[in-house]
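Because the structure is predicted, anything quoted here is derived from the model rather than measured. In this chain, residues are counted from 1 in sequence order.
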Amino acid sequence: LQAPSTPSSTVSGDTTFDPNENVYNGMHFAITLPEAYQDAKVTGVLADGKALTYWDDYWFNFNSTTPTVVVSNTYFMGIMAGLEEAKTVTLTFQMSKGNNPTIDVTIPATYKLTLASDPVDAAYCFVAGEQYDDCYYVTRGEEVTLEGLSYVGYVFDSWRDETGETLSATSEYTFTPEEDTTLVMHCVPSVYELTAAPDDIDFGTKAVGYAEVAEPHLPGLRQRGDRL
């Protein structure tokens with residue numbers, strides 16, 4: 001008689017590494033196990049351009065037959081985010097029982113855009129509808145459009161490089177990176193101008209900036225425009 005086959009574990013989830021998402025939030029995988037209360041370690045081997053880097057995340061304890069795993073080893077994520085050539089890495093879930101399921105993850109080659117504001121904390125950046133404050137990764141060879149927006153108290157002036165040279169005098173800057181780049185969102189303080197009230201303004205009001213502010217009319221006190 002043939003022995004019954006042992007049910008296999010399977011894994012599914014992120015198959016493409018997105019540095020803008022995964023570096024900070026980790027990669028998410030769903031496991032299907034024949035039984036709960038197993039341990040597993042996630043391993044992978046990646047060529048980072050200089051040497052083969054062996055990586056393993058901490059041990060997980062699965063007390064469910066359908067656990068969700070977040071792989072968030074920051075060292076490994078950092079290497080994946082800075083590849084010079086696109087790679088495919090096989091992640092192996094080494095189970096304490098049964099088989100060791102694997103999943104292939106495609107990693108794009110990217111350039112890192114370091115985002116800064118001048119003055120500090122005066123502006124932030126939007127890319128494709130998402131806000132990024134510190135950095136953004138662009139797949140090599142692709143064009144990207146950055147939109148700089150200022151916080152209250154500042155007006156966005158220009159995009160500049162590290163040397164202070166102006167790259168764009170508008171809030172949007174579109175270009176194709178050719179290397180890791182630092183971009184500075186230059187801002188100037190907001191200026192509020194007080195304007196005098198015109199002679200024909202309605203009685204009991206005065207102009208301050210662009211708003212009209214009503215003045216109280218107290219009994220016994222004359223206001224401008226009262227008949228003598």
Item to check | Glu85 atom CD, over 12 foreign heavy atoms within 6.0 Å | outcome: no
Checklist entry - Which distance, rounded to the nearest 0.5 Å, do you find between the CD1 of Ile31 and the OG of Ser12? => result 7.5 Å
Checklist entry - If you look at every heavy atom in Ser64 and Leu33, which pair is closest and at what distance? => result O-CD1, 3.6 Å
Checklist entry - Say you draw a straight line from CG of Asp57 to CD of Gln94; how long is it, rounded to the nearest 0.5 Å? => result 12.0 Å
Checklist entry - Can you list every pair that meets side chain to side chain donor-acceptor pair (under 3.5 Å) and has a residue in residues 35-44, with sequence neighbours left out? => result Glu35-Lys97, Asp39-Asn61
Checklist entry - Roughly how far, to the nearest 0.5 Å, is the OH atom of Tyr124 from the CG atom of Asp134? => result 15.0 Å
Item to check | Where Asp180 and Lys112 come nearest, the two heavy atoms and their spacing | outcome: OD1-N, 2.8 Å
Next on the checklist: Show the nearest heavy-atom pair for residues Val155 and Ser190, with the distance to one decimal.
Outcome noted: CG2-OG, 3.8 Å
Checklist outcome for this item: Heavy-atom closest pair (Glu162 atom, Thr182 atom, distance to 0.1 Å) is CG-CB, 3.4 Å
Next on the checklist: Please verify the inter-ring angle class for Phe93 with Phe29; under 30° counts as parallel, over 60° as perpendicular, anything in between as tilted.
Outcome noted: perpendicular
Checklist entry - Do Thr15 and Ile103 touch side chain to side chain, with heavy atoms closer than 4.5 Å? => result yes
Next on the checklist: I'd like to check the side-chain contact (heavy atoms from CB on, under 4.5 Å) partners of Pro189; sequence neighbours left out, ordered by chain and number.
Outcome noted: none
Item to check | Distance in Å, Asn20 CG paired with Cys135 SG, rounded so as to fall on 0.5 Å steps | outcome: 7.0 Å
Checklist entry - Would you say Thr181 and Tyr111 make side-chain contact, with heavy atoms under 4.5 Å? => result no
Checklist entry - So, the side chain of Asn99 versus the backbone of Ser9: is there a donor-acceptor pair under 3.5 Å, distance only? => result yes
Checklist entry - What's the spacing between Glu165 CD and Ser158 OG if we round to 0.5 Å? => result 11.0 Å
Item to check | Check: Asp121 and Pro119 side chains under 4.5 Å, non-hydrogen atoms | outcome: no
Checklist outcome for this item: Taken in chain and number order and not counting sequence neighbours, the residues that satisfy salt bridge (Lys or Arg N to Asp or Glu O under 4.0 Å) with Asp157 are Arg160
Item to check | Distance-minimising heavy-atom pair for Val11 and Pro101 | outcome: CG1-CB, 3.9 Å
Checklist entry - Can you find a heavy atom in the side chain of Phe17 that is under 4.5 Å from one in the side chain of Met77? => result yes
Checklist entry - Quick check: are there more than 12 heavy atoms from other residues, nucleotides or ligands sitting under 6.0 Å from CD of Glu143? => result yes
Item to check | Close side-chain approach of Pro34 to Ser8, heavy-atom, < 4.5 Å | outcome: no
Checklist entry - What residues, two or more places apart in sequence or in another chain, satisfy side-chain contact (heavy atoms from CB on, under 4.5 Å) together with Thr88? => result Asp104, Thr106
Next on the checklist: Taking salt bridge (Lys or Arg N to Asp or Glu O under 4.0 Å) as the definition, give me every residue that meets it alongside Arg140, ordered by chain and number, with sequence neighbours left out.
Outcome noted: none
Item to check | Distance in Å, Ser96 OG paired with Trp59 CH2, rounded so as to fall on 0.5 Å steps | outcome: 7.0 Å
Checklist entry - Do Met80 and Val23 have side-chain heavy atoms sitting under 4.5 Å apart? => result no
Checklist outcome for this item: Note: with side-chain heavy atoms under 4.5 Å as the link, the other cluster members for Val138 come out as Leu113, Leu115, Val127, Tyr132, Tyr136, Val144, Leu146, Phe156, Trp159, Leu167, Tyr173, Phe175, Leu183, Met185
Item to check | Where Leu91 and Val105 come nearest, the two heavy atoms and their spacing | outcome: CD1-CG2, 4.0 Å
